[in-house]
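Just so we're on the same page: letters track the sequence lines, and every chain starts at 1.
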Amino acid sequence: MTCQEIAEFLLAYLERELPEPQRDVFQAHLDECPACVTFLRTYESTIRLGKAACRDCPEATKAKVPDALIQAILAARTTGHEQPQNETSDDS
Amino acid sequence: MQKPATTTNEGASNRTDDAALVERLRAGEERAYEEMVREYSGQMLAVARRFLRSEEDALDTVQEAFISAFRALDRFEGQSKLSTWLHRIVVNSALMRLRKKSRRAERSIEELLPQFRSDGHPARPMNPWREDVAVALEAQEARALVREKIDELPDPYRTVLLLRDIEEYDTRETAELLEITENAVKTRLHRARLALRNLLDPYFRGEVA
Ligand SMILES: [Zn+2]
């Protein structure tokens, strides 16, 4: 197995979807190749970073909604058509 | 069967609230519609903004999603929470809008994937990432960087990464939402993560600050 193939089957390996003989070959390569171990670690870090990217920040879970949008949605319900949100006609 | 009120947990009481609200919605009560929109539009807008790059598209998507939801209220069965149901509807609307938009010269995923020599060895030396990468998970700045890099992924890969890792749909649900096979979901997710790894590498590898 080459380093390129290690990269290709990385996700299958991590999710334990590699069939037994392939898994052993994969493991044997990792035992001898520090570069692929490094690659695997950075890949795992990437997964964690990706999953954390939108966690907990307020704008990511609940955004502040412009009142014009709420009004447009409610108006659209009664007419059954989409309403433009920017019908600010006579604001003075 | 009657249960004492003390055993009512959070989830159950939410479902009771949902059921009551849906009943009022079906009865056509105007106030109920406004309550629903005010209660759920914030989380729906946050979802829409993750998928769509323009604010106008995100706002339009939330509006479309609510209109779809109003029409589909009869099909809401109360087995899932109202928020879960609305989440899926807004994701669907966002994906539909993305499909309609032909994106300006999209980057190909290939140029973002790790490069190898013809003998299968890495084309560039592999550097470990900083020890404190775990700390970065807690830093707002690092999260913003990761979001920015996710945004650089080509849409077919970005959407799979968002659905699986951020919106937390499983492989089967993601396949349904995108109308692709489960194997395609797995392949795209892997490539999206490989590409994201490459994009983040300069920021997290040992020697660069
Ligand atoms: Zn290797």
Side-chain angles (χ1 to χ4, degrees), chain A residues 1-12 14-15 17 29 33-86, chain B residues 30 33-34 37-38 41-46 48-50 56 58-60 62-64 66-67 70-71 113-114 116-117 119-122 125-129 133-134 136-138 140 142-147 149-150 161-162 165-166 168 186-187 189-190 192-194 196-197 200-201 204-205:
Chain A
M1 211 179 238
T2 64
C3 299
Q4 182 163 15
E5 287 166 320
I6 292 293
E8 194 176 322
F9 295 113
L10 205 48
L11 182 59
L14 290 174
E15 307 227 308
E17 287 183 352
H29 181 112
C33 182
C36 278
V37 172
T38 298
F39 190 78
L40 181 134
R41 296 231 170 94
T42 59
Y43 183 88
E44 288 180 309
S45 294
T46 302
I47 296 175
R48 283 198 296 275
L49 286 166
K51 287 183 174 172
C54 296
R55 208 175 284 158
D56 293 340
C57 41
E59 339 73 88
T61 47
K62 200 163 182 181
K64 200 175 167 338
V65 180
D67 208 56
L69 177 62
I70 291 175
Q71 298 311 329
I73 292 167
L74 292 172
R77 186 185 83 80
T78 42
T79 61
H81 297 293
E82 276 188 55
Q83 302 286 311
Q85 293 145 32
N86 304 324
Chain B
E30 210 62 45
Y33 280 93
E34 184 165 351
V37 173
R38 289 199 185 276
S41 53
Q43 66 174 63
M44 289 166 77
L45 182 55
R49 279 181 181 154
R50 286 201 276 276
E56 196 189 346
L59 293 171
D60 285 349
V62 172
Q63 186 172 342
E64 274 168 19
F66 269 108
I67 293 170
F70 296 156
R71 290 201 187 112
L113 295 178
F116 293 91
R117 301 199 308 246
D119 64 0
H121 283 92
M126 208 59 77
N127 283 41
W129 283 5
V133 65
L137 295 172
E138 304 304 321
Q140 285 300 337
R143 288 183 187 177
L145 172 76
V146 176
R147 285 201 295 275
K149 296 301 166 191
I150 291 175
L161 188 96
L162 287 176
D165 286 350
I166 311 269
E168 297 182 327
K186 289 179 188 175
T187 307
L189 178 63
H190 181 44
R193 287 167 170 175
L194 287 173
L196 182 60
R197 196 210 71 87
L200 293 173
D201 190 47
F204 289 112
R205 61 195 304 168

Interchain contact, A:Lys64 with chain B, by part (heavy-atom threshold 4.5 Å): backbone
Check each atom of B:Ile166 against the heavy atoms of chain A and say whether the ones under 4.5 Å are side chain, backbone, both or neither. side chain
Would you say the side-chain atoms of B:Arg147 pair up with the backbone N or O of A:Ala53, donor to acceptor, closer than 3.5 Å? yes
Checking A:Leu10 against chain B: side chain, backbone, both or neither under 4.5 Å from a heavy atom? both
Tell me which of these, A:Thr42, A:Ile70, A:Asp67, has more heavy-atom pairs under 4.5 Å with chain B than the rest. A:Thr42
Under 4.5 Å from a heavy atom of chain A, the part of B:Leu194 involved: both
Partner chain B: residue of A:Cys33, A:Ala35, A:Ala12 with the largest heavy-atom pair count (under 4.5 Å): A:Ala35
Of the backbone (N, CA, C, O) and the side chain (C-beta and beyond), which part of B:Tyr33 lies under 4.5 Å from a heavy atom of chain A, both, or neither? both
Taking side-chain contact (heavy atoms from CB on, under 4.5 Å) as the test, write out the residues that go with A:Gln4, two or more places apart. A:Thr2, B:Phe116
Looking at B:Glu30 and A:Arg77, is any side-chain nitrogen of the basic one under 4.0 Å from a carboxylate oxygen of the acidic one? yes
Please identify, among B:Lys186, B:His121, B:Lys149, the residue contributing the most non-hydrogen atom pairs under 4.5 Å to chain A. B:Lys186
Does the gap between the ring centers of B:His190 and A:Tyr43 come in under 6.0 Å? yes
Heavy-atom cut-off 4.5 Å, strictly under: side chain, backbone, both or neither for B:Asp119 against chain A? backbone
Pick out which of A:Arg41, A:His29, A:Glu5 makes a side-chain contact (heavy atoms from CB on, under 4.5 Å) with A:Cys36. A:His29
By a 4.5 Å heavy-atom criterion (distance strictly below it), what part of A:Pro34 contacts chain B: side chain, backbone, both, or neither? neither
Give me the atom names and distance for the closest heavy-atom approach of A:Leu49 to B:Val133. CD1-CG2, 4.0 Å
Between B:Glu34 and B:Arg38 (salt bridge meaning N to carboxylate O under 4.0 Å), is one present in this structure? yes
